[in-house]
K.L.:
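Pasting a structure below so you can have a look.
Treat the numbers as computed from the prediction; the structure is a model and nothing was measured.
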2 protein chains.
Amino acid sequence: MTDTALPTSLDAFDLAILEFLQRDNATPQRLIGEAVNLSAPAVQRRIRRMEDAGVIAANVALVDPAQVGQPLTLVVEVELVSETAELIDAAKRGFAAVPEVQQCYYVTGEADFVLVMLVPTMAAYEALTRRLFFGNNNVKRFRSLVAMDRVKVGLTVPLKDGVAARTPPRR
Amino acid sequence: MTDTALPTSLDAFDLAILEFLQRDNATPQRLIGEAVNLSAPAVQRRIRRMEDAGVIAANVALVDPAQVGQPLTLVVEVELVSETAELIDAAKRGFAAVPEVQQCYYVTGEADFVLVMLVPTMAAYEALTRRLFFGNNNVKRFRSLVAMDRVKVGLTVPLKDGVAARTPPRR
DNA sequence: TCGAAGAATGAAATATTTGTGCGTGGATGT
DNA sequence: ACATCCACGCACAAATATTTCATTCTTCGA
């Protein structure tokens, strides 16, 4: 599982295609092609390339948590007691393995980890809490923020900036 | 833009299908069918239904931020001065409209909002900060946590629990 | 207990989309 | 100026998705 993250170069076509796929990856290549002025095969080759290069990390369906019995979202900050490399790694692996932990970031600052969690009920969260935090004596402190509104949830990456600079003309 | 969130009922087949689609929605229906013991058309009908019901909110490609020039992830807590309904709503709309804001949660607790942001550089973040927080006099305080490691990033929803209880047998 | 109605299924046929081979044209470099 | 390299578009082939239809299973009522 090594990162095949070579410094891929993306041109305006690639970005335009990504723009589509980030919104709806079921869009037929033909339509994308029409929109960006490219043939379907060209679009297909570019998509393939970006998938191979890891620019496109995955193609997934987004599920509404509320409709599958997980109406509660929490953001949790976790502070550890000891920050040795091994304990940090252990924590990472531990959090990552929990299905309820949708996202986990290892961060600088007042907290060590930020978790985004999904649970059916507060009771379930309380139980999780017990298992994950109280049951781990390397957890010094944690702070729970309950989401009242998932104002914006997605993994869309802004594409307008940041790439242009290091984009050599393709031909 | 109304939520078509009727209390859809999902059976074990639906959940098994979702399990697949959450991992890779390019999986051929035939394969899903084989895996869950259903014909391709049956799988297709169920997917369609879940899309219509909003259980499947979207089908998207996940892009690696680092490879498109957005290597920095930050988690930001924002506290507002005034919390009138209008100002909260204004803040929601404001944050949601910013492309760099990948996620935005309105939360209870010590902060009012938690944002997950993507930027190319710290300089870019500083500029954003100026525009978004210092430039908004309803922002009392904000706290930035820089992600050193995106340990686990996804929008996968746990499906094993929480649904079974309110799942009537389909036939 | 039996029969009718509704729902969902699988198999087959059709439509659509995706994938591949090949020849062409433009840009780069010698 | 010429050769080479890429990426393109076109045409065809393969695979996948979608529709149709007859059947089975379950449920509900007589």
K.L.:
To the nearest angstrom, how far is B:Leu38 atom CG from D:dA17 atom C1'?
P.N.:
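Taking CG of B:Leu38 and C1' of D:dA17, I get 16 Å after rounding.
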K.L.:
For A:Met50 and D:dA7, what is the distance between atoms CE and P respectively, to the nearest whole Å?
P.N.:
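Taking atom P of D:dA7 as the reference, CE of A:Met50 is at 13 Å.
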K.L.:
Roughly, in whole Å, what's the span from CD1 in B:Ile32 to P in D:dA15?
P.N.:
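Between P of D:dA15 and CD1 of B:Ile32: 18 Å.
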K.L.:
With respect to the phosphate group of D:dA7, does any side-chain polar atom (N or O) of A:Arg49 fall under 4.0 Å of OP1 or OP2?
P.N.:
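Yes.
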K.L.:
Using a heavy-atom cut-off of 4.0 Å across all strands, would you classify B:Pro28 as base, sugar-phosphate, or nothing?
P.N.:
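B:Pro28: backbone/sugar contact only, no base atoms under 4.0 Å.
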K.L.:
At under 4.0 Å, does any side-chain N or O of A:Gln44 touch on OP1 or OP2 of C:dT18?
P.N.:
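Indeed not, no polar side-chain atom of A:Gln44 lies that close.
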K.L.:
From A:Glu100 CD over to A:Met117 CE, what is the distance, rounded to the nearest 0.5 angstrom?
P.N.:
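Taking CD in A:Glu100 and CE in A:Met117, the distance rounds to 6.0 Å.
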K.L.:
Rounding to a whole Å, what distance do you find between B:Asn59:CG and D:dT16:C1'?
P.N.:
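Those two atoms, CG and C1', are 16 Å apart.
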K.L.:
Which nucleotide in the list D:dA17, D:dG9, C:dT17 gets nearest to the side chain of A:Arg30?
P.N.:
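Closest nucleotide to the A:Arg30 side chain: C:dT17.
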K.L.:
Given C:dT18, C:dA8, D:dA17, which nucleotide is nearest the side-chain atoms of B:Gln29?
P.N.:
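So the side chain of B:Gln29 is nearest to D:dA17.
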K.L.:
Quick one, A:Leu115 and A:Val75 - any side-chain contact, counting heavy atoms below 4.5 Å?
P.N.:
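With C-beta onward as the side chain, the pair stays apart.
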K.L.:
Do other residues, nucleotides or ligands put more than 12 heavy atoms under 6.0 Å from the CZ atom of A:Arg150?
P.N.:
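More than 12 within 6.0 Å, yes.
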K.L.:
At what distance, to the nearest 0.5 angstrom, does CG of B:Leu21 lie from CD1 of B:Ile47?
P.N.:
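The CD1 atom of B:Ile47 is 4.5 Å from CG of B:Leu21, to the nearest 0.5 Å.
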K.L.:
Taking only side-chain nitrogens and oxygens of A:Arg46, does any of them come within less than 4.0 Å of OP1 or OP2 of D:dC8?
P.N.:
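True: A:Arg46 side-chain N/O within range (under 4.0 Å) of D:dC8 OP1/OP2.
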K.L.:
Nearest-Å distance, CG (B:Asp14) to C1' (C:dA8)?
P.N.:
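My rounded result for the distance is 12 Å.
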K.L.:
Give a yes or no on whether a salt bridge exists between A:Glu19 and A:Arg23, defined as a side-chain N under 4.0 angstrom from a carboxylate O.
P.N.:
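Looking at A:Glu19 and A:Arg23, the cut-off is not met.
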K.L.:
What is the distance from CG of A:Asn37 to C1' of D:dC8, rounded to the nearest Å?
P.N.:
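Rounded to the whole Å, the gap is 13 Å.
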K.L.:
Could you give the CZ-to-P distance, from A:Phe13 to D:dC6, as a whole number of Å?
P.N.:
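Taking atom P of D:dC6 as the reference, CZ of A:Phe13 is at 19 Å.
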K.L.:
What nucleotide, of C:dT9, C:dA12, D:dG9, holds the atom closest to the side chain of B:Arg45?
P.N.:
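Nearest nucleotide to the side chain: C:dT9.
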K.L.:
I need the CG-P distance between A:Asp11 and D:dA7, as an integer number of Å.
P.N.:
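It is 9 Å, rounded to the nearest whole Å.
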